[in-house]
Amino acid sequence: MFPDRVAQNVDLLIGDGRIAALRNSGSASDRIDEIDLFGCMLVPGFIDVHIHGAVGVDTMEADAAGLNRISEWIATQGVTGWLPTLVPAPDADYTRAVAAIEEAMKSTTGARILGVHYEGPFVNSAQCGALRQQYFRSFVHNDSLDSLPRLANPAAVHMMTIAPEIQGGIELVDQLKRRGWIVSIGHTRAEFELLDKAVAAGAQHMTHFMNAMAPFRHRAPGPIGWGLLRDDVTCDVIADGIHLDRHALELILKSKGAERLVLISDAIAAAGLGDGDYQIWGESISVTHGRTRNSRGNIAGSVISLLDAVHTMQSLGVSEVDLSLMSSTNPAKLLGLEGECGSIAAGKGADLVALNADRKPVLVMVNGELAVSAA
Ligand SMILES: [Zn+2]
C-alpha cells in the first residue's frame, strides 16, 4: 500500500528500524529473517492523535506502566503511534500526567507515544461536551500557557485543541505556534471572521469535526460550515457510527476529500473492556452497546480503536489508498512527522501493519520491531 496505489508482490528490506529498500518480490538475496505475508495487505501503521485511554487506563491518571498498557492494546488494533490526550484539569493533574508520558516515552512498548495532545483547557464552556467546565481557562497572559507542563523530549509533538473565541484566543494561537505547537480548533462556537483569524495566526486543523461545535444553520453556518469550506484546514472525525451519522460522514468526506481528513478514536479508558459502568474523570460513565454516556447525559468519548474507525470508513466504500491517507499519512503530516512515518517508502521508519483478508491486523511492527505477531 503506497500513498497513491496498491502494489502486489513487493519485498521490504528492513534494517535499523527503517525501511531500507523496496524491491520486486524474489529479487532480494541478502535476507536474514524473512516474514511471509502472502495474502495480507501491508499498510503504514495507524496514528491516533486523540485518545484518552483504553483497557481501564486513563491518560490523566496513568503512570508510565499504565500508558504502556494502552500502547500495547492499541498496537493489537494496528496503531503504531499515538498522542495521549489530556482533558482540562488542575495544574497538578497535568503535571503528573505529563511526567508519566515523559517517562513512558523512554521505554514504550507497543505503539509509540509521539507527544501529548491537550484537549483544552482554553475552550468554550458552551460547547463543553464531556469536558469538565470548572477547569476551563481563558488566555490572559503567557503565564497561563507557560504553567502548562510540556515534554522535555526534543522529539515530542505538542498539540492543543482550542476555541478561538475564548478571551485572548487569537493571541493564544499565536503563542502556541511560536512554541512549535500544533493548533487545532474545537469545542467552539466561533464565527467565520474569527476562525479566519485563527488560521492566519497558525491554526491548521479541527478537532472531532461536527462534535462539540455550534451546529450548522443555513443562516449561521458557524464552524461546521466554515470547516467544510476551508480547503487549507484539515479535520479529524470520530468514525464510530455514534458520534456522527453515516450520512454526516459521507457529507464530510465529499466536502473535505480523503486528503484532508484524519481518523481519531477519542477513546476513553473503557475502550477494550466492553459495556459496563466506569469511573472516569471524576464521574460515572456508562457504556451501553458501545455508546458512552456521563451523568449529565452527554456522550463522553468513544470506546472504539482506530481499526474500528477504518472499518466504518471502509463500509462507506472508501478505497484502500484513502483509508491509509486518513489513518496514517494525514495524521503523520498533521504532526509534522511525514518524513518519519505515515507511508511505506525507503528511509521511513518501519511502522507497519499487515491486515488479513478480514482487515484484522496479523502483524504490527513499530520501529522495525514486532509489536504484535499472529502471522
Ligand atoms: Zn477527547
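All heavy atoms count here, side chains included; hydrogens, waters and symmetry mates do not. One-based numbering, in listed order, for ligands and for the atoms of each.
Counting heavy atoms of neighbouring residues, nucleotides and ligands inside a 6.0 Å radius, atom CG of D16 does not exceed 12 of them.
With the Zn ion (ligand 1) at the apex, D266 OD1 and H52 NE2 define an angle of roughly 90° (rounded to 10 degrees). For the pair OE1 of E119 and NE2 of H50, the angle whose vertex sits at the Zn ion (ligand 1) is 90° to 10 degrees.
A side-chain N or O of H247 and one of E250 form a donor-acceptor pair less than 3.5 Å apart.
Residue contact annotation: H208 places no N/O/S atom under 2.8 Å from the Zn ion (ligand 1).
Minimum heavy-atom separation, T292 to V303: CG2-CG1, 4.0 Å.
A donor-acceptor pair under 3.5 Å is formed between the side chain of S184 and the backbone N or O of T207.
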